[in-house]
Each structure stands twice: as structure tokens, then as C-alpha cells.
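One structure is given here, and the rest of the page talks about it.
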Amino acid sequence: MLGHRPLTPEDWGTILKRRWWVIAIPAVLFPIIAYAVSYFVPPQYLSQTLVLVEQQKVPESYVKPVVTEDLDSRLATMKEQILSRSRLAPIIERFNLYANKNMSMDDRIDLARKNIGIKPIQSDLTRGLPGFFITFTASDPRTAQLVCGEITSLFVSENLHARETSAEGTTAFLKGQLDDAKAKLDEQAAKLAQFQQQYAGRLPDETQTNLSMMGTVNTQLDAATQQLSRMEQDRSYAETLLSQQVAQQQAAQSTGGSASAPAAQEAQLEKLEDTLTQLQTRYTDDYPDVIAAKRKIAELQAQMAKAPAAPVVKTPPSTAPSRNDSPAIQQLRAQIHAMDIGIAQKKSEQGRLEGQARVFQDRISSSPQVQEEYKNITRDTQTAQQFYDDLLNKMNQSEMATDLERRQQGEQFTVMDEPNLPESPEFPKRGVFFAGGLAGGIALGLLLSALFEYKDTAVRSERDIWAFTKLPTLAVIEFDQDLGRPLASNRGWFKRKKPDVTAGDKTLMNVGG
């Protein structure tokens with residue numbers, strides 16, 4: 001009797017001996033029934049194939065793949081696409097699947113989805129997913145093989161199509177982006193060219209050139225100024241000589257031709273002395289012009305000292321050209337004319353050099369303002385150029401990757417084993433049915449034995465007496481009412497058990513207190 005007290009291993013053994021037939025009968029019948037039922041279950045055949053993921057044949061250091069999505073995610077996406085209604089309905093109609101079950105197309109598609117299995121291969125030796133199994137279950141082995149092959153072909157073709165489409169889409173997108181980047185780069189380059197044209201000579205990288213050119217122009221300007229000053233002195237000296245020659249000629253004409261002109265010599269001497277004074281304020285005594293002026297003064301003074309005293313001329317000699325001019329006077333006039341032309345040219349050169357100096361000075365002074373604006377335009381141009389170069393590099397990589405996918409040199413699925421033709425049904429497994437029937441029979445027998453024991457109120461041992469009366473027992477004597485004597489204590493396993501003597505019939509004698 002279960003539930004009235006904790007049971008010991010001896011109690012469990014006793015129960016098993018007492019109820020063995022309750023367990024044995026279903027344990028024998030149920031496997032037989034299950035095995036027989038397996039013959040009435042429609043067989044299901046499973047066809048399977050192995051698809052390996054073959055990596056890209058060209059090293060990634062040369063051509064980077066465009067499709068970088070995880071293979072597990074792509075496989076899940078492809079599975080959803082292949083198991084869609086638009087893909088499965090033609091296969092169901094082509095192979096006439098589930099036509100004898102009077103099902104709607106939606107139910108047939110749902111049943112087909114249940115019968116298609118995609119099982120990835122997990123491996124720690126390789127990076128990523130090495131491959132996966134594709135299975136299909138059908139009532140006919142040939143149909144299972146054909147449909148499994150069809151599903152495998154869909155996976156292989158879908159993978160190639162998806163990778164090629166993704167690569168082409170990436171290339172098209174990069175081309176659009178590259179066109180926009182090129183337009184922006186051209187616009188920025190035109191802006192930079194216009195700025196360089198507008199501020200030519202004032203750009204920051206031309207500052208050093210401007211400084212160098214300004215130094216050169218200043219040097220040329222100083223030289224021109226000195227040459228102009230020297231030419232003006234020479235012209236003054238020539239004019240003095242001319243005045244002297246003219247005065248001598250006029251004096252000769254008025255006195256008979258041989259008298260000198262002391263007044264002209266004195267005027268020439270004064271001019272030479274003034275010129276010497278001016279030169280000495282600017283140059284040292286070793287300067288050639290100073291030495292030449294001193295020499296001319298000395299020669300003129302010596303000439304005046306040798307000349308006889310001349311009559312006083314009240315009117316100054318005329319320097320205007322005359323038909324009676326001597327060749328020396330004409331030569332002096334020609335020299336003065338040439339000097340005038342040279343002085344004019346030198347003044348023009350001096351003005352030109354002064355203008356250039358002002359231009360270079362203006363460029364140098366305005367360079368800081370131009371530099372800031374030039375820096376902004378240059379930075380924007382460099383940024384646009386860098387962005388364009390990056391896009392161009394990516395687009396070239398994408399084009400190579402697209403060509404790689406078109407040549408089927410990228411990652412692809414390889415069917416290692418063609419779908420097999422199953423020789424035996426995958427379901428039902430009769431051995432499994434038999435084992436299941438045996439397990440079910442034993443479980444049912446144990447359940448029934450427990451139920452019988454729970455309802456059994458017989459007292460069979462001292463522990464039962466103690467559980468009910470809480471009194472100690474001196475002796476227990478089993479008694480057979482029919483025979484009127486105690487029963488034998490030893491019984492065999494297969495001998496029928498005599499009826500137990502219950503406490504209600506007072507067959508147990510208990511003395512205690």
C-alpha cells in the first residue's frame with residue numbers, strides 16, 4: 001500500500017514480485033502493437049546533399065570582395081527567398097507534390113517548407129561557415145532526390161546571382177558618387193584657377209620670388225640712378241665746352257680770329273667746381289668722377305693761365321646752332337644731343353624700374369590677406385581631390401570584384417555530393433517503434449502497479465502494523481482460513497500467492513502496550 005509510509009528497497013522488491021504480471025503484459029503487447037502499426041504509417045524518404053562554401057580564388061590582398069555580409073545572414077536570406085511562394089509553387093506543380101492529399105496550394109507550400117531542411121555545418125577549424133546540408137523529405141525516394149537537387153540548384157544559382165547583383169549595384173552606386181565628386185572637383189579647380197589668375201604674383205608661394213625680384217629691381221634702379229646722374233654731369237660738362245667753344249669762336253670772329261674767351265673759361269670753371277662740390281658730397285676722392293672733375297678743373301686752370309688777356313665781352317655767347325659753327329662745336333652739339341637721348345632713355349628706364357618696385361612692394365604687402373583666402377580655397381580643393389581619389393580607388397576595386405563575380409572566381413557554393421536516392425524510409429523506423437512500444441508498455445505497467453498498490457489496503461508487514469497502530473509487534477503469524485493452519489513462509493516466484501490475511505479479519509495477533 002503506497003503512501004502510508006516510506007518504502008524500503010525490500011518493499012519495492014516485494015511489490016515487483018507481487019505485480020510483475022501487471023508490468024509484463026503491456027511490456028510484451030505494446031512492442032508488438034507498435035511494430036505492427038509501423039506498417040500502416042506512410043513511409044517518408046529523406047534525400048540529402050552537402051554544399052560546401054568555396055572561398056574566393058583570388059587573394060583578397062589583390063581584389064577585395066564587395067560582399068562582406070556574414071554568410072549565416074546571407075544563407076538565412078537566401079533560405080527565405082527560396083522558400084517563398086513564388087519559388088516553391090512551380091516546384092510543387094512540376095513534381096506534383098502532395099497531389100493525393102486534396103490540399104490547397106497554401107497548405108502544400110507549408111508542408112513543402114516543413115519537409116525542406118537547411119542544416120549549417122559548424123567547424124572550429126575553418127573561419128566562418130564551411131558548408132551546409134540540404135534535405136528534403138517525400139513519400140517517394142525518387143521525388144525526394146529530384147526535389148532536393150532542385151532546391152540545391154536554387155541555392156547555388158541564388159548565391160551567384162546575389163553576389164553579382166550586389167557587386168554591380170555597388171559599382172553603379174560608386175559611379176554615381178564618382179560623377180558627383182568629379183563635378184565638385186572641377187568646380188573647385190575652376191574656382192582655384194580663377195583665384196590664381198586674379199591674384200597672380202600675390203600668391204603665398206610667390207612671396208619669396210617677389211622679395212627676390214624686388215631686390216633685383218632696387219639694385220637696377222640704383223644703378224640706373226647713378227648712370228643718369230653721371231650722364232647729366234657729362235652733359236653739363238659738354239655744355240660748358242660748347243659754351244667755351246662758341247665764345248672762342250665769337251671772340252675770334254670779333255677780334256680777328258685768335259683771341260681767347262676768358263669769360264667762358266671762367267664760367268666753365270665755375271660749373272666744374274660746382275660739379276666737383278656736388279660729387280664730393282656724395283663720393284670720396286677716389287671715385288672716378290671726382291678724379292675726372294679734378295683733372296678737368298686742373299686742365300682748364302692751366303689753359304686759362306696760358307691764355308692772353310681777352311677784351312671784356314658784354315653779351316654772353318650764344319649756344320644756338322649756326323652755319324658758321326666749327327666742326328668741334330658741331331661735334332659737341334651732336335654729343336649733347338646724344339646725351340639728351342640717353343638721359344631720356346635712362347629716365348624712362350628709371351620710371352619703369354620704380355613702377356616695378358611699387359608693384360612688387362604692393363604684392364608683398366597684400367600677400368597676408370590673399371594667403372588666408374587662398375588657404376581656404378586650396379584646402380577645399382585638396383579635400384575634394386582626396387574624396388575623388390578615394391572614390392576612384394573604391395570604384396576600381398568594385399569593378400574588379402564585379403568582374404571576379406562574373407567570372408565565378410569569387411566565393412561560391414560547391415555541391416560536394418549529389419542528392420542521394422534513399423534506399424530505406426527515414427520514417428517510420430520500426431526499431432524505434434518497437435523500442436517505443438516496449439518503453440510505453442513498461443511505463444504503463446508501472447503506472448498500473450502503482451495504482452493497484454495505492455488502492456490496496458492490506459497489511460503485510462510489521463512496518464505496516466506500526467504505521468497504522470504505532471504499537472510494537474511481538475509476532476506475526478500468517479493464517480489460512482480455508483486450511484485452518486499457518487501458511488508456509490517460502491513461496492516461489494511463479495507460485496500463486498495465497499490471499500493475504502487482513503487486519504479486519506483479525507488474522508494478525510498483536511500484543512503490546
Polar side-chain atom of N96 near backbone of A99 as donor-acceptor pair, under 3.5 Å: no
Check: A167 main-chain N/O paired with T171 side-chain donor or acceptor under 3.5 Å: yes
Is there a side-chain contact between [X] and [Y], using heavy atoms and a 4.5 Å cut-off?
X    : Y    : answer
F413 : L52  : no
Q385 : Q188 : no
M103 : L111 : yes
N210 : Q361 : no
R163 : Q412 : no
I134 : Q48  : no
M105 : R85  : yes
S398 : T402 : yes

Pairs meeting criterion ring pair (Phe, Tyr, Trp, His ring centres under 6.0 Å) with involvement of residues 171-221, two or more places apart: F195-Y199, F195-Y374
Give every donor-acceptor pair under 3.5 Å between a side-chain atom in residues 352-360 and any protein atom, sequence neighbours left out.
none

Working for side chain to side chain contact (heavy atoms under 4.5 Å, CB included), residues L221 and Q350: CA-CA 6 Å; L221 181 59; Q350 185 183 30; 3.6 Å; yes
Contacts of type ring-ring contact (aromatic ring centres under 6.0 Å, His included), residue Y35, not counting sequence neighbours: Y39
With rounding to the nearest 0.5 angstrom, report the [atom1] to [atom2] distance, [X] to [Y].
X    : Y    : atom1 : atom2 : answer
T135 : L50  : OG1   : CG    : 12.0 Å
T77  : Q81  : OG1   : CD    : 6.5 Å
K429 : S424 : NZ    : OG    : 4.5 Å
M214 : R363 : CE    : CZ    : 12.0 Å
K175 : E399 : NZ    : CD    : 5.0 Å
Q397 : L392 : CD    : CG    : 10.5 Å

Check: T207/S367 side-chain N/O donor and acceptor closer than 3.5 Å: yes
Side chains of T219 and D222, donor plus acceptor under 3.5 Å: no
Nearest non-hydrogen partners of T49 and E418, listed with the distance: OG1-C, 4.0 Å
Least distance between heavy atoms, I92 atom then A112 atom: CD1-CB, 4.0 Å
Cut-off 3.5 Å, no hydrogens considered: what does the side-chain donor-acceptor table look like for residues 145-156, sequence neighbours left out?
from : atom 1 : to   : atom 2 : distance (Å)
Q145 : OE1    : R142 : NH1    : 2.5
Q145 : NE2    : P419 : O      : 3.0
E150 : OE1    : R94  : NH1    : 3.3
E150 : OE2    : R94  : NH1    : 3.0
T152 : OG1    : C148 : O      : 2.8
S153 : OG     : G149 : O      : 3.0

Verdict with supporting geometry, F133 and I121, side chain to side chain contact (heavy atoms under 4.5 Å, CB included): CA-CA 7 Å; F133 289 101; I121 300 174; 3.7 Å; yes
CD/Q369: more than 12 non-hydrogen atoms of other groups inside 6.0 Å: no
CD (E423) with more than 12 external heavy atoms under 6.0 Å: no
Contact list for residues 178-188, test salt bridge (Lys or Arg N to Asp or Glu O under 4.0 Å), sequence neighbours left out: K182-D186
Salt bridge (Lys or Arg N to Asp or Glu O under 4.0 Å) contacts in which one or both residues fall within residues 369-397, not counting sequence neighbours: none
R113 and D110 ion-paired at < 4.0 Å: yes
Verdict with reasoning, R406 to E168, per side chain to side chain contact (heavy atoms under 4.5 Å, CB included): CA-CA 10 Å; R406 288 172 181 168; E168 291 177 349; 3.3 Å; yes
